[in-house]
**Student:** 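Mind having a look at this structure? Questions to follow.
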Amino acid sequence: MHAHERRAPGGEPAPRTAARDPQRPRTPASALPTHRPDALRTLQRAAGNAAVARALAPADTARDPRHAPPVQRFAEGEAAPGFDKVSANGGIAIRGRYEAYADPGMITAAARDLDAQHRVAITLERGAAVQVGERTLYRVLPVYKDAARAEAATRGAGRAPEGAGHEPVSGDSAAQRNDKRAAYLRSLADPPEFKQLITLTQRITTALRTRTEPPGPVVDRLRSDAMKLAVATMGGGWAAAKFPYPERTGREGLTDLAVLMPGLTADFLAGLPAVENQESLVHELLITLPNDCQGAAAQLIGRPADGGLSVRRDAPAVGENHFADLTGAAPDGWANHFAAVILRDGHDSLTYEAAADRTGALQHGKSLGYFALYGRAGTDRSFDTVIRAQNLAYAARTAPPSGTDGAPT
């Protein structure tokens with residue numbers, strides 16, 4: 001059973017953590033010291049040389065075309081010079097994943113609608129102007145309504161508290177946004193998760209060195225902390241593939257965790273160069289979103305009162321969301337997809353969303369959110385039509401390689 005097919009209390013589908021494919025080739029160990037000169041020394045002090053050596057054992061690193069970067073999630077081809085899609089009425093245009101432009105009156109009206117909905121955490125601001133055909137459109141900038149909303153979203157996502165200081169908030173000056181973006185990029189070079197991994201490894205090894213048999217609650221708490229940290233750093237697929245099962249108790253259970261932690265830390269470090277490169281592509285200060293479409297929608301707009309997020313809406317209003325149930329549509333695809341609507345132009349809707357990617361190394365990031373433009377329901381530009389096609393492409397790209405057992409991640 002796919003992890004993302006589990007149902008949470010209240011009938012909502014459980015958040016689909018985009019797991020890292022356990023078959024994905026690991027970055028060679030030789031790449032790690034060039035990225036973090038002191039990282040391996042710290043890990044060796046915490047877990048021991050032998051454990052680190054096992055974790056960094058060479059793996060097959062032949063390039064696999066299945067693991068190419070995700071394709072952009074909108075139709076190819078220019079709708080206007082320099083843009084990828086333009087709404088039927090010409091009031092919205094998108095370029096690449098991270099740029100959306102709209103009529104200034106539409107931005108003002110959408111911001112007013114978002115501000116009026118208390119459950120919604122974000123509003124819109126107007127950025128730089130561009131010429132799209134004969135119209136002047138302005139950059140659409142989703143921002144938190146206030147610092148308190150940014151802090152609540154950061155806590156709710158289980159991220160380090162200091163991450164709230166990297167989020168765009170209504171009223172920020174251009175200089176403040178630039179400072180926040182620079183601070184965020186610096187944080188990628190010394191992520192708080194690395195310290196958390198080392199601290200947890202030290203707690204496990206300390207408990208293992210005691211002469212007395214470790215109490216059951218102590219082992220359970222350490223295992224729970226390790227599981228949460230594994231999911232936060234590497235995704236549910238990594239945890240499902242690598243966590244020891246069946247769970248053992250006492251000293252044997254601690255030994256299993258002591259063997260696990262160096263590998264978890266090494267895999268996290270191996271992905272950091274790709275993460276830094278991916279995040280550096282975002283030149284505007286965007287909102288940090290999870291590698292999970294439902295979690296992203298809930299973080300941005302909360303849960304609408306008329307049934308929550310899992311309601312199909314042919315023409316969702318600003319502050320509502322698109323939803324598609326994809327159960328059974330593709331064996332290795334998504335179970336569903338959610339997209340928060342932040343602006344409308346007639347029958348067309350602009351969304352700010354994220355899409356789960358089980359092969360991604362990044363579990364939270366500013367590059368995970370993207371803009372998409374959908375047309376009227378029932379057309380080839382509709383949310384349902386576009387997402388179903390993208391789901392098939394995603395399933396084909398991330399399916400287990402032939403010759404494996406094909407077990408879902």
Side-chain angles (χ1 to χ4, degrees), residues 1-21 23 66-76 85 97 231 235-237 240 289-301 303-304 306-316 320-342 348-360 363 368-400 406-409:
M1 179 176 178
H2 288 273
H4 56 238
E5 291 176 348
R6 294 194 297 270
R7 295 276 167 175
E12 289 272 2
R16 297 178 297 108
T17 301
R20 194 176 183 184
D21 189 344
Q23 301 295 331
R66 295 184 311 109
H67 303 304
V71 296
Q72 294 183 347
R73 297 176 51 91
F74 38 73
E76 295 180 354
K85 237 181 187 181
R97 289 174 60 90
V231 171
L289 290 182
N291 189 7
D292 169 39
C293 65
Q294 183 180 358
Q299 179 178 318
L300 296 170
I301 63 170
R303 299 184 183 275
D306 61 338
L309 295 169
S310 301
V311 173
R312 179 186 172 90
R313 302 174 175 91
D314 286 340
E320 294 183 334
N321 67 284
H322 285 290
F323 168 72
D325 184 350
L326 303 171
T327 304
D332 296 289
W334 301 309
N336 43 48
H337 189 68
F338 303 77
V341 175
I342 61 172
D348 295 336
S349 57
L350 177 70
T351 64
Y352 190 54
E353 56 185 283
D357 184 355
R358 70 170 63 89
T359 67
Q363 297 305 312
L368 296 180
Y370 62 90
F371 296 96
L373 184 60
Y374 302 106
R376 184 203 297 260
T379 69
D380 59 358
R381 294 182 61 191
S382 72
F383 174 81
D384 193 69
T385 301
V386 171
I387 292 302
R388 288 185 181 279
Q390 292 173 356
N391 182 43
L392 293 175
Y394 170 75
R397 178 174 64 82
T398 63
T409 59

**Student:** I need the minimum non-hydrogen distance between A297 and F338, along with the two atoms involved.
**Tutor:** CB-CB, 4.1 Å

**Student:** Looking at CG of D332 and CG of L392, how far apart are the two atoms once the value is rounded to the nearest 0.5 Å?
**Tutor:** 11.5 Å

**Student:** Between atom CD of Q363 and atom CG of L289, what is the distance when rounded to the nearest 0.5 Å?
**Tutor:** 13.0 Å

**Student:** I'd like to check the salt bridge (Lys or Arg N to Asp or Glu O under 4.0 Å) partners of D306; sequence neighbours left out, ordered by chain and number.
**Tutor:** R313

**Student:** Excluding sequence neighbours, so at least two apart, what forms side-chain contact (heavy atoms from CB on, under 4.5 Å) with A315?
**Tutor:** R344

**Student:** Would you find a donor on one side and an acceptor on the other, under 3.5 Å apart, between the side chain of T385 and the backbone of R381?
**Tutor:** no

**Student:** According to salt bridge (Lys or Arg N to Asp or Glu O under 4.0 Å), who are the partners of R312, at least two apart in sequence or on a separate chain?
**Tutor:** D314, D384

**Student:** Any salt bridge between D357 and R397, counting N to O under 4.0 Å?
**Tutor:** yes

**Student:** Looking just at side-chain N and O atoms, do T351 and H322 make a donor-acceptor pair shorter than 3.5 Å?
**Tutor:** no

**Student:** Give the C-alpha distance, both sets of side-chain angles, the deciding distance and a yes or no for side chain to side chain contact (heavy atoms under 4.5 Å, CB included) between F371 and L350.
**Tutor:** CA-CA 7 Å; F371 296 96; L350 177 70; 4.2 Å; yes

**Student:** Which pair of non-hydrogen atoms, one from S382 and one from A377, has the smallest distance, and what is that distance?
**Tutor:** CB-CA, 3.8 Å

**Student:** Minimum heavy-atom separation for A354 to A296, with atom names?
**Tutor:** CB-CB, 3.8 Å

**Student:** Under 30°, 30 to 60°, or over 60°: which ring-plane class applies to F383 and H337, parallel, tilted or perpendicular?
**Tutor:** parallel

**Student:** Under 4.5 Å between any side-chain heavy atoms of L368 and P290, yes or no?
**Tutor:** no

**Student:** If a pair satisfies salt bridge (charged side-chain N to carboxylate O under 4.0 Å, His left out) and one of its residues is in residues 370-380, list it, with sequence neighbours excluded.
**Tutor:** none

**Student:** Taking side chain to side chain donor-acceptor pair (under 3.5 Å) as the definition, give me every residue that meets it alongside T379, ordered by chain and number, with sequence neighbours left out.
**Tutor:** none

**Student:** Step by step, work out the side chain to side chain contact (heavy atoms under 4.5 Å, CB included) result for Y374 and V341.
**Tutor:** CA-CA 10 Å; Y374 302 106; V341 175; over 6 Å; no

**Student:** How long is the gap from CZ on R303 to CG on L309, to the nearest 0.5 Å?
**Tutor:** 5.0 Å

**Student:** Begin with the C-alpha distance, continue with both residues' side-chain angles, and end with the deciding distance and a verdict on side chain to side chain contact (heavy atoms under 4.5 Å, CB included) for F323 and N336.
**Tutor:** CA-CA 7 Å; F323 168 72; N336 43 48; 3.7 Å; yes

**Student:** Applying side-chain contact (heavy atoms from CB on, under 4.5 Å), can you list everything that pairs with A389, at least two apart in sequence or on another chain?
**Tutor:** none

**Student:** Please report the closest heavy-atom contact between A329 and N391, naming both atoms and the distance.
**Tutor:** CB-ND2, 3.7 Å

**Student:** Under the 3.5 angstrom rule, does the side chain of W334 hit a backbone N or O of L326 as a donor-acceptor pair?
**Tutor:** no

**Student:** Is there a side-chain contact between V311 and P304 in this structure, where contact means two heavy atoms from C-beta onward sitting under 4.5 Å apart?
**Tutor:** no

